[in-house]
There are 2 protein chains.
Amino acid sequence: MARRPGRTRPSAGATISDVAEAAGVSRATVSRVMNGRPTVSPEIAARVRQVVEELGYNPSRVAQSLSLGKTLTVGVIVPDLGNPTFQQILHGVNQAAATAGYRVLVADSAESAQDEPPLVEDVRRRTDAVIVCSPRMRTDELEALLPRVQPAVLINRDEPLPATRVVVDSASGVASMCRHLIRLGHRRILHLDGPIGSNAQAARMRGLTLIAEENPDIELLRMPGGSSMDAGYEAFDAVMSTGATAVLGFNDLVSLGLLGAARERGVVVPDELSVAGFDDIPFARFSTPPLTTMSVDLEAVGEAAWRALEDRLRSVVDADLRVFTPALVQRASVGLAP
Amino acid sequence: MARRPGRTRPSAGATISDVAEAAGVSRATVSRVMNGRPTVSPEIAARVRQVVEELGYNPSRVAQSLSLGKTLTVGVIVPDLGNPTFQQILHGVNQAAATAGYRVLVADSAESAQDEPPLVEDVRRRTDAVIVCSPRMRTDELEALLPRVQPAVLINRDEPLPATRVVVDSASGVASMCRHLIRLGHRRILHLDGPIGSNAQAARMRGLTLIAEENPDIELLRMPGGSSMDAGYEAFDAVMSTGATAVLGFNDLVSLGLLGAARERGVVVPDELSVAGFDDIPFARFSTPPLTTMSVDLEAVGEAAWRALEDRLRSVVDADLRVFTPALVQRASVGLAP
DNA sequence: CTGAAAGCGCTTACAG
DNA sequence: CTGAAAGCGCTTACAG
C-alpha cells in the first residue's frame, strides 16, 4: 500500500469520492455535475449538489491539472519584483491572464543571471507557459533554455531568438526625444549613459547613432551616469561643465536627480538647461518642474505578452515580434535653447 | 480506456516512465535517483542520470504535488496589483517564501469585495496556503470564508478573526506624528481624512481620538480630503482657511499634493505651514521640501506574513497577531510652529 | 539495493 | 443517463 504517513490535504477537504459515496453515485457522475455536463438527470444532479454543499466540497485543482494536462497558470519571471517597471508589467500580464481564466505565478531572480535558467525551468514545470521579463542571462544560455520551456514569451530582449518577443523600442525613443530637442534649437545635447552592457543602454546608443547620422551639425555628447536618482544628482556639475543646453537622463530617476541638483545650484530649468527623462514613471508629473520624458505603457506591454502567449497556446503562431514605441510626453522641464 | 484526444504535455516532455524504460529500471528507482535517495547503487544511479540528461527529463511538479499532497506554492491575494503598497508587500512575501523553497501565486480582486471570496477559494485550491491582503469584503463574509481556506494569514485587517493577522498600527502612527507636531509647538493641527469607511481611515480616527484625550488644550481639526495627490492639491485653500499651523495628509500622495499647491500659492513650507505625510513612499525623500512622514517597512510586513504562514504550515501556532508600528521619519516639511 | 503495486484526486471514452 | 475502469505522472511502504 502507499498510504502516506501523516500528510493529507492541509484543510482536510472532502474529495470527489466522499461526495460520490454520500450521494450514492459514481465519481464520474459527481465530476459531470461539477462540470455542468447536461447529461445528468435533474434529480441526481440536485442530490449531488446538495451533498457538495453539505460537505463543502471543492475539487482539487492539482488533480484536475494532472488529469487535464494543463494548469491554467502562467509563470512570470522578473529580475526584481521591487522594480516598478516589472511591477507594472506584472500587473498588465495578470489583468489580461485573469480575463482568460488564467492565474499568474511570479518569480524573482534577484538580478542573478546565473539563477535564471533553473528558475525559469522550475516555474515552467508548474505552469502551462512562461513570460520571461528582461532576462539577464547571456544569449547562448537563453537559446539553450528556450526549447526546454516553450511556450515562452520574452519581454525586452532585442536579439532575434526562437520565441515570441515583446520589446520596447528604446532606440527610436531616444531618437524622438533628440529630434524634439533639436526642433527647440538645442545644438549641444548630452546623454547620461546607463549601466554599461545593459540591453537598454545598447538601445540608447543605437538611437544616438541614428541621430548623429541624421544631424551632422549637432553636437551629441555622452557621459557615464547611472540609473539612480543619486547618479543624476552627482553628475550635475560635470553636466554643466560640458556647456550642453539639454541633457537626457538614462531614465526618469536620473533626470529627477539632475533636477534636484539644479535647484540647489540655482540653475533654472528649462531656461538655462533643459532636462529630459525616459520611462514616464508616475512621479515624473509631479517634480519641479514636471519632467518631459518618453512614455511607455508598461501594463500594455504585459498585456501584449499575455496575448502573444495565448496565440502560442493555441499554436496560432510560432515566433514573432511585437514592438512598443515610446511616446513623447511634453511637460515643463524641456524648453527652447537659451 | 481513458486516452485523451490530443492533449498531452504542451512541451511534450519525457515522463518518469520514459526514463525508466530507457534505463531499464523501474519508475521507483528513477524516482529515488531524482530525489537523491542514497539507497541506489552508484552504477544504476549513473545510468539513470545519463538517460535523464539525454531525454531532458524534468519531473512534473503537478504530479509531484498530487502525490505528495503539497504544492510548495502560496497564494497572495491583493485588491490591486497596481498599488505600490501591495507591490511592496508582495515583494516581501515572495522573497521570504523563495528562501523557503516556495513559489507565489498572485491574484488581484480589482478592488471588488464581491469577487474576493471565490477568488481566494480558487487560489487556495491551487496552493498550500493563502495570504489575504487588505481584504475589502465584510467581516461576516471573511468569517465564513476563513475556515474554508486555512491555513490563511490576513494582512491589515483590524478586527479579531480566526486567522493569524499581520497589521500596521496606523492609529499609533498618527498619534506619534501628532505628538511630534505638538512638541514643535503646534496648537492647531488639521487632519485631512481619507476614504470614509476604509480600515485605514478608521484607524486614523482612533489615533486622533487618543491624542485629543491626551491633549485637551490642542485644537484637532478634521476635513474631508481623499487619497490622491489631486485631493491634496485641491484641499489646500480650505486647509489654509482653517488657520492650522500643521496639516496631516491621509497619505504621502495627499501631502505631496498639498506641497505642490503651497509652492504655487507662495506659502513657504515649513515656515508658514508644516505638512506631514503617512507611508513614506519612495518619493517622499525627493519632494520639495522632503516630506516628514510615518514610515512602514512594507516588505517586512510581507515577510512577516510569510513567517506567520510558515508557523501555521508546521502547525506551531493557531492564530495570533503581529503588529508593525510606523516610525517617524523627520525630513524638512515639518518645522516649529510659526 | 530494487521492483510491483497502490495511491494521490481528478476526467472521460466506452459500454451498457 | 450512468458506472466501471483506465489514465494523468509522480511517490513510497512493503516485500523481497
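Just so it is clear, the structure is predicted and the values come from calculations on it, not from any experiment.
Contact annotation for A:Val62: no contact, since no heavy-atom pair falls under 4.0 Å across all strands.
Considering only side-chain N and O atoms, A:Arg37 lies under 4.0 angstrom from the phosphate OP1 or OP2 of C:dT12. Listed pair A:Thr29 / D:dG3 meets the phosphate criterion, a side-chain N or O lying under 4.0 Å from OP1 or OP2. In this model, the phosphate group of D:dG3 is approached by a side-chain N or O of A:Ser26 to a distance below 4.0 Å at OP1 or OP2. Between C:dC10 and A:Ser31, no contact under 4.0 Å exists linking OP1 or OP2 to a side-chain N or O. Taking 4.0 angstrom as the limit, B:Ser41 places a side-chain polar atom (N or O) nearer than this to OP1 or OP2 of C:dT2.
For the pair A:Arg32 and B:Gln64, nearest-nucleotide mapping onto DNA chain D gives the more 5' position to A:Arg32.
A:Arg61 places its CZ atom 11 Å from the P atom of C:dC10, with the value rounded to the nearest Å. The separation between A:Arg27 atom CZ and C:dG9 atom P is 10 Å, rounded to whole Å. Rounded to an integer number of Å, the gap from CD1 of A:Ile44 to P of D:dC1 is 10 Å.
Checking D:dA4, C:dG3, D:dT11 against the side-chain heavy atoms of A:Ala28 singles out D:dA4 as nearest. Residue A:Ala63 places its side chain closer to C:dG9 than to any other of D:dA4, D:dG9, C:dG9. The side chain of B:Ser67 sits closest to C:dG7 out of C:dT2, C:dG7, C:dC10. If you check C:dC10, D:dC10, D:dT2 against the side chain of B:Thr15, the one that comes closest is D:dC10.
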What pairs of donor and acceptor atoms, side-chain ones from residues 140-147 of chain A against any protein atom, are under 3.5 angstrom apart with sequence neighbours left out?
| residue | atom | partner | partner atom | Å |
| --- | --- | --- | --- | --- |
| A:Asp140 | OD1 | A:Arg138 | NE | 3.0 |
| A:Asp140 | OD2 | A:Arg138 | NH2 | 3.1 |
| A:Glu141 | OE1 | A:Arg138 | N | 2.9 |

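Under the rule for a ring pair (Phe, Tyr, Trp, His ring centres under 6.0 Å), the partners of B:Tyr102 that lie at least two apart in sequence or sit in another chain are B:Trp306. With sequence neighbours excluded, the residues that form a salt bridge (Lys or Arg N to Asp or Glu O under 4.0 Å) with A:Arg136 are A:Glu111.
Sorted by first and then second residue, the pairs that involve residues 71-80 of chain B and meet side-chain hydrogen bond (donor to acceptor under 3.5 Å, both in side chains), not counting sequence neighbours, are A:Arg126-B:Thr73, B:Thr71-B:Asp128. Pairs passing the salt bridge (Lys or Arg N to Asp or Glu O under 4.0 Å) check and including a residue from residues 88-106 of chain B, sequence neighbours excluded, read A:Asp122-B:Arg103.
Stem regions annotated for DNA chain D: C:1-3 with D:14-16, C:5-12 with D:5-12, C:14-16 with D:1-3, counting only runs of 3 or more consecutive pairs of Watson-Crick or G-U type with both contacts under 3.5 Å.
Residue-environment remark: CD (B:Gln95) exceeds the threshold of 12 foreign heavy atoms within 6.0 Å.
Residues B:Arg47 and B:Val25 have side chains in contact (heavy-atom distance under 4.5 Å, counting atoms from C-beta outward).
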